[in-house]
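Report on the structure given below.
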Amino acid sequence: ATVITSLATVIPVVGKTVLSFLWGGFSVDNPTLNRFYSLHYTFPFVLAGLSIFHIAALHQYGSTNPLGVNTQTSTIPFGMYFASKDLLGLLILLFVFACLVFFYPEMLGHPDNLIPANPYSTPQHIVPEWYFLWFYAILRSIPNKAMGVIFIAITFASLIAMPFLSTTHIGSPKFRVLSERFFFLFVADLALLTWVGAQEILDATIILGQVCTAILFFYLVIAYPFLSWLESYLYLNSIKMASGNQKQ
């Protein structure tokens, strides 16, 4: 909590004021935990609202498919096919959830969570949850805190802008060989960053984290927009050539 909230200090002029507002005082204390808890139970309602928009968009525009072709004219009833599949998936999920809750409640936890909180002593090797490890690895790979925050902001902005940066007219990655290969490289890079974020701070892990961070930004900022443009350009040219040959 202290490390992540302290990132607000990189904001010019009002950084320390924002940090004091987040803390509700001069350090992480009960007001901070109360605010985090309030935010924690508010987010599920926000996600529920976003799910409604998702379902509305699904009904209006339809879902995608592996080939990326238009299937609006060849649909099948939801109730007979997909409802039974979703019910099976729900039952499997509930079974796994029940096994974890009743038989292995500490399986996904961390041993440090069983240590009573002590504001005067921080565990030597403390890391965030696994789904934040890639984020933590990027911050750890950049020595300057302000630059680390800027790079993280660029990362999330690039991920949000992905649908708008894609100019390709090809619906499926199955027909976009370069993009598919680079996407798998991106997934492998994220997995490696997640692993690096869980390791101790050593020269080898720092160098590996910096290399993975560079690959991540290369893909998001340069490779993805360029490949989208290139594949769209080649696709449109092939259509023009095909139409020209047909006229001849």
Side-chain angles (χ1 to χ4, degrees), residues 37 39-110 113 128-137 155-195 197-198 212 216 219-220 223-225 227-228 231-232 235 239:
Y37 181 74
L39 187 66
H40 180 77
Y41 73 73
T42 302
F43 264 129
F45 296 101
V46 176
L47 294 177
L50 292 176
S51 299
I52 295 175
F53 284 104
H54 173 71
I55 294 173
L58 182 65
H59 278 272
Q60 182 175 356
Y61 301 106
S63 59
T64 57
N65 54 79
L67 294 179
V69 297
N70 185 11
T71 58
Q72 296 296 323
T73 57
S74 57
T75 58
I76 57 177
F78 180 85
M80 184 181 298
Y81 297 97
F82 294 104
S84 57
K85 293 174 63 177
D86 289 346
L87 180 60
L88 176 61
L90 177 62
L91 291 175
I92 295 174
L93 178 64
L94 291 177
F95 174 76
V96 174
F97 182 73
C99 289
L100 289 174
V101 169
F102 296 115
F103 297 103
Y104 307 100
E106 302 293 342
M107 182 177 178
L108 300 179
H110 195 279
N113 291 332
E129 295 292 340
W130 65 270
Y131 41 82
F132 285 133
L133 287 175
W134 68 274
F135 174 91
Y136 178 63
T155 300
F156 283 105
S158 301
L159 290 173
I160 294 172
M162 265 188 167
F164 307 101
L165 293 175
S166 178
T167 56
T168 182
H169 298 274
I170 308 172
S172 172
K174 295 295 182 183
F175 308 110
R176 299 160 54 195
V177 180
L178 290 177
S179 291
E180 189 176 29
R181 300 298 184 272
F182 271 88
F183 173 75
F184 287 128
L185 175 65
F186 168 68
V187 173
D189 185 65
L190 277 182
L192 196 54
L193 274 174
T194 301
W195 178 82
C212 291
L216 178 72
Y219 174 79
L220 292 177
Y224 181 79
L227 288 176
S228 297
E231 289 169 337
S232 178
Y235 175 73
I239 291 179

Side chain to side chain contact (heavy atoms under 4.5 Å, CB included) partners for Tyr41, two or more places apart: Tyr37, Ser38

List in chain and number order the residues that pass side chain to side chain contact (heavy atoms under 4.5 Å, CB included) with Phe186, two or more places apart in sequence or in another chain; answer none if no residue qualifies. Leu159, Phe183, Leu190, Leu216, Tyr219, Leu220

In this structure, CD of Glu129 is separated from CG of Leu108 (nearest 0.5 Å) by 9.5 Å

List the steps, then state whether side chain to side chain contact (heavy atoms under 4.5 Å, CB included) holds for His59 with Ile55. CA-CA 6 Å; His59 278 272; Ile55 294 173; 3.6 Å; yes

When rounded to the nearest 0.5 angstrom, what distance separates OG1 in Thr155 from CD1 in Ile160? 11.0 Å

Phe156: partners by side chain to side chain contact (heavy atoms under 4.5 Å, CB included), with sequence neighbours left out: Trp134, Phe135, Ile152

Among all residues two or more places apart in sequence or in another chain, which pass the side chain to side chain contact (heavy atoms under 4.5 Å, CB included) test with Leu192? Trp195, Leu208, Cys212

Could you measure the distance from the CG atom of Leu185 to the CG atom of Asp189? Nearest 0.5 Å is fine. 6.5 Å

